[in-house]
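Letters go in sequence order (proteins before strands), and every chain restarts at 1. Values in this document were obtained by computation on a predicted structure and should not be read as measured data.
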Protein chains: 2
Amino acid sequence: MQEAQARTPAGRRIVAAAEELFYSRGITAVGVDLIAERSGTTKRTLYNQFGSKDQLVAAYLAERDQRWRSLVRSTVETRDDPVEAVTAPFVALRDWSEANTRGCAFINALAELPDPSHPAHRIAADEKLWLLNLFTELATAAGCSGPAALATQLLVLHEGALATQPLALGTLAESTGLARALVRAAVPSR
Amino acid sequence: MQEAQARTPAGRRIVAAAEELFYSRGITAVGVDLIAERSGTTKRTLYNQFGSKDQLVAAYLAERDQRWRSLVRSTVETRDDPVEAVTAPFVALRDWSEANTRGCAFINALAELPDPSHPAHRIAADEKLWLLNLFTELATAAGCSGPAALATQLLVLHEGALATQPLALGTLAESTGLARALVRAAVPSR
DNA sequence: GTCAAGGTTCACAGATCAGTATACCTATGA
DNA sequence: TCATAGGTATACTGATCTGTGAACCTTGAC
């Protein structure tokens with residue numbers, strides 16, 4: 001996978017256009033011609049930079065993954081209380097959701113790309129594993145009992161809020177509250 | 001929407017083939033030619049019966065919705081304890097998941113069909129609202145305190161387990177356990 | 001015996017799909 | 001001065017997409 005920093009100006013515009021179109025309309029429904037047009041480049045440049053549509057899809061998810069992880073990390077770091085840090089991804093999700101109302105791009109991508117050998121498949125799956133591991137680490141650092149089970153519960157709450165987000169049922173607030181309660185209950189002395 | 005009972009034999013075979021293909025490969029990625037071939041019919045028959053691919057997609061989701069609701073209802077009815085009945089959809093999901101390992105067909109459909117005016121859009125959204133209302137009714141019947149908030153939490157847990165199902169992380173067992181604990185905690189005297 | 005409904009066969013239209021070929025332009029740096 | 005890299009412009013291939021037209025077959029009901 002090509003690094004984002006190594007990309008040419010046209011390459012960056014292509015990924016940006018792909019991100020907006022793929023996320024809002026779906027991957028299969030968006031053709032490379034449209035992406036080239038929206039990015040102000042040509043299909044030739046797109047193929048020179050990325051080789052295939054599949055690789056561009058992978059680049060789209062990798063870019064998005066990078067941005068999401070960096071938001072989560074900075075949100076975690078700005079909590080000084082380690083107990084509050086455990087639920088920081090829920091706070092990050094609230095900010096993230098303001099500009100992303102079509103659910104989880106990785107889950108959506110997995111829905112469209114069932115083939116495990118697709119270059120984008122592993123990126124989407126890894127994002128969830130990363131979050132699960134992060135929850136485990138944060139719960140352990142906060143001294144929570146049963147950090148593995150707690151992390152799985154937090155992941156489910158997080159993904160459930162994200163999956164139901166397009167339905168606008170206010171699930172994020174409810175799941176954030178429950179997540180906080182679970183963490184507090186798992187911390188021995190408080 | 002045409003009733004399933006009113007469908008001709010060829011129509012039923014077409015919906016069955018569409019269900020398998022749409023769920024396993026994605027909606028946009030599957031063409032009507034393939035569906036006609038797999039169902040042992042012709043494209044002409046498909047269009048005579050359903051009018052358009054979009055309508056067939058709606059029929060696919062409606063059929064699936066009907067089957068899922070009937071499984072949930074029968075699972076609810078076989079619990080004699082009203083407290084156990086509240087988490088019956090989680091039990092139904094365990095059975096359902098044995099043959100459906102590609103996540104939630106409705107969430108996946110929403111990922112591919114962002115247009116709210118698409119005939120399938122409302123069907124997918126309604127399925128989630130139905131489940132939320134069912135949780136509310138069951139929680140109320142079981143005498144739970146704060147049934148609305150509890151129902152939202154249960155929905156999030158349910159959808160979270162479903163969304164992370166393709167990742168095979170064992171989230172269903174964990175979320176079922178948490179759901180049971182939440183219901184028990186909301187029942188006054190037990 | 002006739003008529004209609006369900007279904008098949010097959011050809012076709014028009015659009016769009018991913019991906020390639022070829023030629024050209026322009027700036028940078030050795 | 002000249003090569004190279006990044007990019008543009010444009011036409012093209014072959015496949016696939018949704019959807020239609022028209023003729024024909026079969027079966028059951030009246």
Side-chain angles (χ1 to χ4, degrees), chain A residues 2-61 109 111-115 117-121, chain B residues 2-22 24-61 109 112-115 117-121:
Chain A
Q2 197 187 44
E3 292 292 321
Q5 289 76 12
R7 263 178 217 137
T8 63
R12 283 191 289 271
R13 292 207 309 276
I14 289 169
V15 175
E19 255 199 271
E20 195 196 317
L21 288 167
F22 283 154
Y23 182 66
S24 64
R25 302 193 193 180
I27 293 169
T28 317
V30 170
V32 287
D33 295 86
L34 181 59
I35 295 171
E37 186 196 319
R38 285 294 183 91
S39 61
T41 64
T42 63
K43 203 159 53 159
R44 201 77 200 80
T45 301
L46 188 155
Y47 277 93
N48 282 342
Q49 294 288 324
F50 298 96
S52 70
K53 182 184 177 179
D54 285 348
Q55 301 270 9
L56 176 58
V57 172
Y60 145 61
L61 287 182
E112 289 203 67
L113 312 169
D115 180 10
S117 69
H118 192 289
H121 206 274
Chain B
Q2 198 186 46
E3 291 294 321
Q5 288 75 10
R7 261 178 219 134
T8 63
R12 284 191 288 270
R13 292 206 311 275
I14 288 169
V15 175
E19 254 200 272
E20 194 194 318
L21 289 167
F22 283 153
S24 65
R25 303 192 192 180
I27 293 169
T28 317
V30 170
V32 287
D33 295 86
L34 181 59
I35 295 171
E37 186 197 319
R38 286 294 183 90
S39 60
T41 63
T42 63
K43 203 161 52 159
R44 201 80 202 77
T45 301
L46 188 155
Y47 276 94
N48 283 342
Q49 294 289 325
F50 299 95
S52 70
K53 182 183 176 179
D54 285 347
Q55 300 271 7
L56 176 58
V57 172
Y60 145 62
L61 287 182
E112 289 203 69
L113 312 169
D115 181 9
S117 68
H118 191 288
H121 206 274

Check your understanding: Tell me: CD of A:E112 to P of C:dC17, nearest whole Å?
Key -> 14 Å
Check your understanding: Ignoring hydrogens and angles, are the base of D:dG19 and the side chain of B:K43 linked by a donor-acceptor pair under 3.5 Å?
Key -> yes
Practice item. Using whole Å, report how far CG of A:L34 lies from P of D:dC17. Key: 20 Å
Exercise for review: Examine D:dT8: is either OP1 or OP2 under 4.0 Å from a nitrogen or oxygen in the side chain of A:T45? Give yes or no.
Suggested key: yes
Review point. Can you tell me if CD on B:E20 sees more than 12 non-hydrogen neighbours from other groups inside 6.0 Å?
Key: no
Practice item. Nearest whole angstrom, please: distance from the P of D:dG7 to the CZ of A:R7. Key: 12 Å
Exercise for review: Please report, rounded to the nearest Å, how far the P atom of C:dA18 is from the CZ atom of A:F50.
Suggested key: 15 Å
Review point. Under 3.5 Å, is there a donor-acceptor pair between the A:E112 and B:T28 side chains?
Key: no
Review point. Choosing from C:dT8, D:dT8, D:dG6, which nucleotide comes nearest the side chain of A:T8?
Key: D:dG6
Check your understanding: Pick one: which of B:I35, B:V32, B:T42 meets side-chain contact (heavy atoms from CB on, under 4.5 Å) with B:I14?
Key -> B:I35
**Study point:** A:H121 and A:D115 side chains, donor-acceptor separation under 3.5 Å
**Key:** no
Point to revise | Under 4.0 angstrom between B:S52 side-chain N/O and D:dT18 OP1 or OP2 | key: no
Review point. In chain order, what residues pass the ring pair (Phe, Tyr, Trp, His ring centres under 6.0 Å) check against A:Y23, with sequence neighbours excluded?
Key: none
Practice item. With the side chain of B:T41 defined as its heavy atoms from C-beta on, choose the nearest nucleotide among D:dT8, C:dT8, D:dT18. Key: C:dT8
Practice item. Take atom CZ of B:R44 and atom C1' of D:dT26, then tell me their distance rounded to the nearest Å. Key: 18 Å
Practice item. Report the distance from atom CD of A:Q55 to atom P of C:dA18, rounded to the nearest whole Å. Key: 15 Å
Check your understanding: Separation of B:R25 atom CZ from D:dC17 atom P, in whole Å?
Key -> 11 Å
Review point. What does A:G51 touch in the nucleic acid at a heavy-atom separation under 4.0 angstrom: a base, only the sugar-phosphate, or nothing?
Key: nothing
Practice item. Look at all strands and tell whether A:N48 reaches a base, only sugar-phosphate, or nothing, counting heavy atoms closer than 4.0 Å. Key: nothing
**Study point:** B:Y47 OH to C:dC12 P, straight-line distance once rounded to whole Å
**Key:** 19 Å
